[in-house]
Amino acid sequence: MLIVAVVVVTVAAGVSLGLLASGDDGESSGSEQQGSAATTSQAASPTGPRGNPTPSPTRSYPLSKAPQIIPAVDSHTAARGPGWRPARGERVVVSDTELADEGKLIAGELGLTYAGRKNDVRAGDVRLALGDGEGGNPESYSMTVRGGRVAISGPGEAGVFYGTRTLKQAVHDGRTAPEGVVRDGPAKPVRGFMLDIARKYFTAGWIEDRVRELGDLKFNQLGLHFSDDQGFRIASSSHPEIVSQQHLTKAQVRKIVKLAQSRHIQVVPEIDSPGHLGAVIAAHPDLQLRNVNGAATRGAIDISKPESAEIVDDLLNEYAGLFPGDQWHLGGDEYQALVVSSPEASYPQLATAAREAYGAGATVADLATGWLNDRAATVRTHDRTPRAWNDGFFRNTKVQPDKDIQVAYWTGKEIGARAPVEYLSTGRKVINYNDEFLYYVLGEPQTFVYPTGERIYEQWTPRVLRGTTAVPAKYDSQILGGSFAVWCDLANSQTQAQVAAGIRMPLRATVQKLWDAGKPQLTWAEFKALADRLD
């Protein structure tokens, strides 16, 4: 990861605070500590009134310990001093007006006053600023606690926001943010949670609660799989006939998206095709794929028909205006025409369309790959980077998937399964959705079991893409991150409340492994106890 920090944080015009406390002999009294190895040691509280400046830190205070939070901070430079805790009447101020939203949020959460952009310095201030490590990772930040004040700075608004999450957790339940300097940033740029709202309707309020939870844990993507065989769950103006009775209105989605943006979370939509389109087919039965005997193929749209592409592109274009950002999930998995022994014999219309489009020898897999590329082209006109499930990529085809389509790797169980290295060795970027660890499938159908936080924490890393074996370290930079996923195959198996409780610790374990590349220093029991204290 790239974390850039400076040794001085400017807190007002002409005024600066050194990052390390100095002893009476003028030498640094701090020592570098890795946050993942920290154990709690509460700093002493100041004895004087909080309205007065705290005396300069001296060796009379114990050497501070890194704040215990989830995910653990990357590093903490210890110092001697009273630390900081919120008190009535204290301020949150910003050096840059772009940080007003972050400032208002943390002020409200900690019971402080948001004072806006100020240049003066007061006791107890929390100051947010841009520019620390300019040009570095925009999700990195530094947090300096010294002299009874807190300064959080970073090269981007997201990093400063994450610094406020660290502060919020550090002072939770009356605790003190320890003296010293935190320097922190994520190991992986994609830290996601995917929710299947197509098979099971989730209320807007429940999704908003998850957004707040994800934000506090420093996740930065929320995937919404809102179209499948069982339902289409967001209102549509281009094709209202396909929308399920229980659905989210566009106003509700805009509210979710706005809340997510305030937490620096991008909502990544998914309209899965050319399989998993049962809800669309129910309103357009003429588009359903049928085999040589006329039998309907579950969830599959007939991609030899131009009308199939038209309706899916209508939807992709419509929802591009609802979901800002630069990511789009195209699905591409489990197209049932390709799970039979001879797709060309079973679906002659697809074989004919493939040859007409791509020449002699082209197969149904070529036609499906061309479909994926065409849908990628549609979202690319909206400046989106496409991703697709790994079983939507095929071997030995004349037509190759576009190079910019990222691989959402979830399984090694599909027909003609390919190991992750096959994708990585071609230079393709991959996001880890490993179904062995990261799939929470309601009702535990087939061989699925509910994943546990303990197993993720102790056995999974972003390089463990398939099963339990890690890919070679040389591919690490191509693995953008990972996503924990909730699938609702047996939708009534759990209530919304049960889902929230069931994914609580798996989410925390997942983000710990995505944020911190090192082996966690806390045991699982210690990590779980910390999570319980922070909730």
Side-chain angles (χ1 to χ4, degrees), residues 227-230 242 270-313 315 330-378 386 388-402 405 407-420 422-423 426 428 435 445-447 466 489:
S227 170
D228 213 302
D229 297 342
Q230 294 81 354
I242 70 174
E270 181 192 356
I271 299 175
D272 201 347
S273 78
H276 294 283
L277 281 172
V280 172
I281 293 167
H284 296 272
D286 54 309
L287 298 182
Q288 182 152 33
L289 179 65
R290 294 181 178 275
N291 69 12
V292 67
N293 298 317
T297 303
R298 177 177 56 85
I301 203 165
D302 189 335
I303 60 176
S304 70
K305 295 182 176 182
E307 297 84 1
S308 295
E310 289 171 8
I311 193 170
V312 173
D313 282 348
L315 296 169
L330 296 170
D333 64 314
E334 297 179 328
Y335 189 47
Q336 295 301 302
L338 290 165
V339 302
V340 298
S341 58
S342 177
E344 287 70 36
S346 295
Y347 299 96
Q349 76 276 34
L350 299 184
T352 299
R355 291 191 297 270
E356 290 175 351
Y358 304 112
T363 65
V364 175
D366 286 305
L367 191 67
T369 303
W371 171 278
L372 181 67
N373 288 343
D374 289 345
R375 307 293 76 75
T378 299
W389 300 112
N390 63 285
D391 53 330
F393 297 75
F394 307 105
R395 267 199 196 103
N396 304 321
T397 52
K398 293 179 65 174
V399 182
Q400 291 297 304
D402 292 342
I405 303 176
V407 179
Y409 197 99
W410 73 280
T411 185
K413 304 180 180 74
E414 78 277 14
I415 294 175
R418 287 192 286 169
E422 286 198 41
Y423 304 91
T426 64
R428 211 173 276 278
D435 65 343
Q446 301 177 50
T447 59
R466 174 184 179 179
D489 292 45

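Side-chain contact check for I271 versus R375: every heavy-atom pair is 4.5 Å or farther apart. Counting heavy atoms from C-beta outward, Q349 and L289 have side chains that approach closer than 4.5 Å. Between W389 and E270 the shortest side-chain heavy-atom distance falls below 4.5 Å. Annotation: side chain of N390 is not in contact with side chain of R466 (no heavy-atom distance under 4.5 Å). In this structure, R395 and E422 have side chains that are in contact, with non-hydrogen atoms separated by less than 4.5 Å. Two residues are said to be in side-chain contact when any heavy atoms from C-beta on lie closer than 4.5 Å; D302 and T297 fail this criterion. The shortest distance between side-chain heavy atoms of L277 and V312 falls below 4.5 Å.
A donor-acceptor contact under 3.5 angstrom links the side chains of D366 and T363, judged on distance only. Looking only at atom types and distance, the side chain of S304 has no donor-acceptor partner in the side chain of Y347 under 3.5 Å away.
For K305 and D286, the salt-bridge test fails: no basic side-chain N is under 4.0 Å from an acidic carboxylate O.
At distances below 3.5 Å, not a single donor-acceptor pair connects side-chain atoms of D272 with backbone N or O atoms of D228. In this structure, the side chain of N291 engages the main chain of N293 through a donor-acceptor pair within 3.5 Å. Under the 3.5 Å distance criterion, the side-chain polar atoms of R418 are matched with a main-chain donor or acceptor of F393. Between the side chain of D391 and the main chain of W410, no donor-acceptor pair closer than 3.5 Å is present. For the pair Q400 (side chain) and K398 (backbone), a donor-acceptor distance under 3.5 Å is absent. A donor-acceptor pair under 3.5 Å is formed between the side chain of Y335 and the backbone N or O of I301. Put simply, the side chain of S308 never gets that close to the backbone of I303: no donor and acceptor are under 3.5 Å apart.
Rounding to the nearest 0.5 Å places CZ of R428 at 5.5 Å from OG1 of T426. If you take CD1 on I311 and OG on S273, they are separated by 11.5 Å, rounding to the nearest 0.5 Å. Taken to the nearest 0.5 Å, the CZ atom of F394 stands 10.5 Å off from the CG atom of L367.
When every heavy atom of G278 is checked against every heavy atom of D229, the shortest pair comes out as N-OD1, 2.8 Å. When all heavy atoms are compared, the tightest approach of A345 to P348 is O-CD, 3.7 Å.
Residue R298 places its CZ atom among 12 or fewer non-hydrogen atoms of other residues, nucleotides or ligands, all under 6.0 Å distant.
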